[in-house]
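Working notes, structure below.
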Number of protein chains: 2
Amino acid sequence: MANPPTIKEIAEKLKLAKSTVSRALHDHPSIGLRTRMKVQELARALNYEPNQTAIHFQQKKTFTIGIVLPELSEAFFSAAISGIEDAANQNNYMVLLGQSHDDAAREKKIVEIMKNHRVDGLIVSLAKNTGDYAHFEALEKFNIPVVFFDRIPDKKDIHYVACNMESGTLQAVSHLLEKGHRVIGMINGPEQLVATPQREAGFKQALQKKRLKFDASLIVNSDLTREGTRAAMQQLLANKRKATAIVAFNDYVAQDAVQYALEQGIKVNKELTFVSYANLPLSSYMAFPPVASVEQYPYEQGYKATEILISLLGNKNEQDFQHIIIDSRLVVR
Amino acid sequence: MANPPTIKEIAEKLKLAKSTVSRALHDHPSIGLRTRMKVQELARALNYEPNQTAIHFQQKKTFTIGIVLPELSEAFFSAAISGIEDAANQNNYMVLLGQSHDDAAREKKIVEIMKNHRVDGLIVSLAKNTGDYAHFEALEKFNIPVVFFDRIPDKKDIHYVACNMESGTLQAVSHLLEKGHRVIGMINGPEQLVATPQREAGFKQALQKKRLKFDASLIVNSDLTREGTRAAMQQLLANKRKATAIVAFNDYVAQDAVQYALEQGIKVNKELTFVSYANLPLSSYMAFPPVASVEQYPYEQGYKATEILISLLGNKNEQDFQHIIIDSRLVVR
DNA sequence: AAAATTCACGCAACCGTTTGCGCAAACTTC
DNA sequence: GAAGTTTGCGCAAACGGTTGCGTGAATTTT
């Protein structure tokens, strides 16, 4: 037989009805033990495997969840995907992958394709320039729930899992203050990202606790490209108040910033100390690693987001929006 | 309507047959222009989208390719997956993901699940301890072609894309010889991997070209864990012939080896030079980067493997096995 | 031994789409 | 105006499995 065996074939060879075979394979009690055995034996002999596409079609369920994120080559996301995969597999779901490469248009396209593929649900971390959420809202009409993580939309009527950057930033800046730093700079990210104001809030809060005044000129923004970060550093170093420590938006930004500082003849980690947010797994091998990192628990975020999604798939009538916030935490090297 | 609109609904509202609607939506010439327009208009108004699960079922084709690889957190694989995804998307395929985490049992399970999900084909890079290929051979009966890349089985009757490590190794060792090194060590990998003997061959060939004799004790093996690499280093450093340069199996091995050397008080890149195979994107940030790397073109391997797979899906009767070998190339820092 | 249950299985519809074939109406040809 | 051709659409089967319902036979109940 060129084609895989089907229930129909088994039924014909045993002179049974398809329904009987189907039930026998599922150990349905209404099928006699004898025929049940015979069916299962033949099925094994023929290497029968149920055609999942048929089942999916019939049950209007694919046991597939789509996952849309910016870049797998970023360690944060490859860790997150492991959490997603593990949670999914434990519930017999498979994972359809799509990288937006931080391009909103591509993200939209991926979401639409996944919608047509009838994924049961979606796990999404936004592209950094996504401002329009229409393609996600369209999913509601198809009963496809979405859970966002980390890079989440600035809306209330969504499910999400995110890390509260405020707490970690507070800890980071407090740590620097305790180490004696009095002028601390910050390279923050694009304003669209929810995490950007959070970092600023944590920054301010740490100063406030020590009754220090906040100087807005010590916070500069990067678009997360190398050039953006270099420009941000330039701006920061030009400030009349010389920062002795810098909180960088993430490890990638930190690396670019460190490199720029080195080029300017600055002694990194002596004259200028860096603290960052953990993205890179290999910091132990780095030449000038940040002295401390804010851990964002990507695996846990992915895992939790998937758990939520799957529970959403269970009771479709779930109405309240899940907002899970994991506290970030400073890890001192 | 709670459920997504179907062809049947459109047909009823327009008092047409389902078949007419289907054809109208596909601009079939046998449908009159008037009705064609009316159908397409209503479809648009209802936000009709064809149910892909139904189509997949009917066409016995899912436009999905499965991809099974060890670890996404390894930069090599996350680069490869981008190549796979790009090639797949260009041909309207989606990508189902599964990580084996270098566990042969998990790999087997993933392959079976993907088989039942009726992926059209599979792209695989083996777990490092996979010795039995039965789960792949079983796919033939389901007409699911497999293309391996990078970590390929040691068999002839398969399709694969791989990097020829021999050429890169030859270049690497030759480069070291030209730099004056006369005692060169190598930390090779597990023997199951096809790339292991290739590295050894390139190593020998480089010596031969210079008419130098080969000393087998200068090649040691690591199981690619940190401990394995440290044991290998210990063995190498205990050798009476003191190596001044080491070719490491990959960047991860190189990092562990460098760290071990530093602990032993060895001046890395002065007393002992490292050359490696590129896995890490951030080598420019590393404290003691290898002086040169053998580039393995992961994106290209993934892209090419997917192209082959998709062409295989086109003409099922394709019989000869595709063996694509990309030459590795030394990149000097 | 007749009636009531239970048991073991078959029939047929259904999920949404595609596609080969058939057929009536409209049009062309002589 | 009858015969042949084209045009435009409908009918029904098929893909592989699940499931509500029906039914004859075997079994139990009284």
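Predicted, not measured: the structure shown is a model, and the values here were computed from it.
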Checklist entry - Under 5.5 Å between ring centres and under 30° between planes: true for Phe57(B) and the base of dC15(D)? => result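 Stacked: centres under 5.5 Å apart, planes under 30°.
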Next on the checklist: Counting only side-chain nitrogens and oxygens, does Lys60(B) get under 4.0 Å of the OP1 or OP2 atom of dA14(D)?
Outcome noted: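 No, no such contact exists.
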Protein-nucleotide distance ([X], atom [atom1]; [N], atom [atom2]), rounded to Å:
X: Glu9(B); N: dG16(C); atom1: CD; atom2: C1'; value: 11 Å
X: Glu12(A); N: dG16(D); atom1: CD; atom2: C1'; value: 13 Å
X: Ile10(A); N: dC9(C); atom1: CD1; atom2: P; value: 15 Å
X: His56(A); N: dG16(C); atom1: NE2; atom2: C1'; value: 16 Å
X: Leu16(B); N: dC11(D); atom1: CG; atom2: C1'; value: 14 Å
X: Leu25(B); N: dT18(C); atom1: CG; atom2: P; value: 8 Å
X: Leu14(A); N: dC9(C); atom1: CG; atom2: P; value: 11 Å
X: Phe142(A); N: dG16(C); atom1: CZ; atom2: P; value: 13 Å

Beyond-backbone contact of [X] with [Y], side-chain heavy atoms, under 4.5 angstrom:
X: Leu72(A); Y: Leu97(A); result: yes
X: Leu126(B); Y: Phe136(B); result: yes
X: Asp150(B); Y: Pro298(B); result: no

Item to check | Working for side-chain contact (heavy atoms from CB on, under 4.5 Å), residues Asp27(A) and Gln40(A) | outcome: CA-CA 9 Å; Asp27(A) 280 320; Gln40(A) 298 190 1; 2.9 Å; yes
Next on the checklist: Counting only heavy atoms not in Lys109(B) (residues, nucleotides, ligands), do more than 12 fall under 6.0 Å from its NZ?
Outcome noted: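 Open: at most 12 neighbouring heavy atoms sit under 6.0 Å from NZ of Lys109(B).
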Item to check | Residues that Asp157(B) engages under side chain to side chain contact (heavy atoms under 4.5 Å, CB included), provided they are two or more places apart | outcome: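 Scan of Asp157(B) (side chain to side chain contact (heavy atoms under 4.5 Å, CB included), adjacent residues dropped) gives Lys155(B), Phe321(B).
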Checklist entry - With a non-hydrogen cut-off below 4.0 angstrom, is Lys15(A) in contact with a base, only sugar-phosphate, or nothing? => result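 Here Lys15(A) touches the backbone only, sparing every base.
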Next on the checklist: Base, sugar-phosphate or nothing for Thr35(B)? Non-hydrogen atoms, less than 4.0 Å.
Outcome noted: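 Sugar-phosphate: the residue Thr35(B), judged by heavy atoms under 4.0 Å, touches backbone atoms but no base.
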Next on the checklist: Strictly under 4.0 angstrom, non-hydrogen atoms only: write out the protein contact profile of nucleotides 17-25 of chain D, one letter per nucleotide from the 5' end, B, S or -.
Outcome noted: BBBB-----
Checklist entry - Which residue pairs pass the ring pair (Phe, Tyr, Trp, His ring centres under 6.0 Å) test with at least one member in residues 76-122 of chain B, sequence neighbours excluded? => result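 Listed by first then second residue: His56(A)-His117(B), Phe63(B)-Tyr93(B).
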Checklist entry - Which pairs with one or both residues in residues 11-37 of chain B pass ring pair (Phe, Tyr, Trp, His ring centres under 6.0 Å), sequence neighbours excluded? => result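 Ring pair (Phe, Tyr, Trp, His ring centres under 6.0 Å) check on residues 11-37 of chain B returns no pairs.
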Checklist entry - Which residue pairs pass the salt bridge (charged side-chain N to carboxylate O under 4.0 Å, His left out) test when at least one of the two sits in residues 41-57 of chain A, sequence neighbours left out? => result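 Those involving residues 41-57 of chain A are Glu49(A)-Lys115(B).
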Item to check | Inter-axis angle, terminal five-pair segments of the helix from dT5(C)-dA26(D) to dC30(C)-dG1(D) [nearest 10°] | outcome: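 Taking the rotation axis at each end, their angle is 60°.
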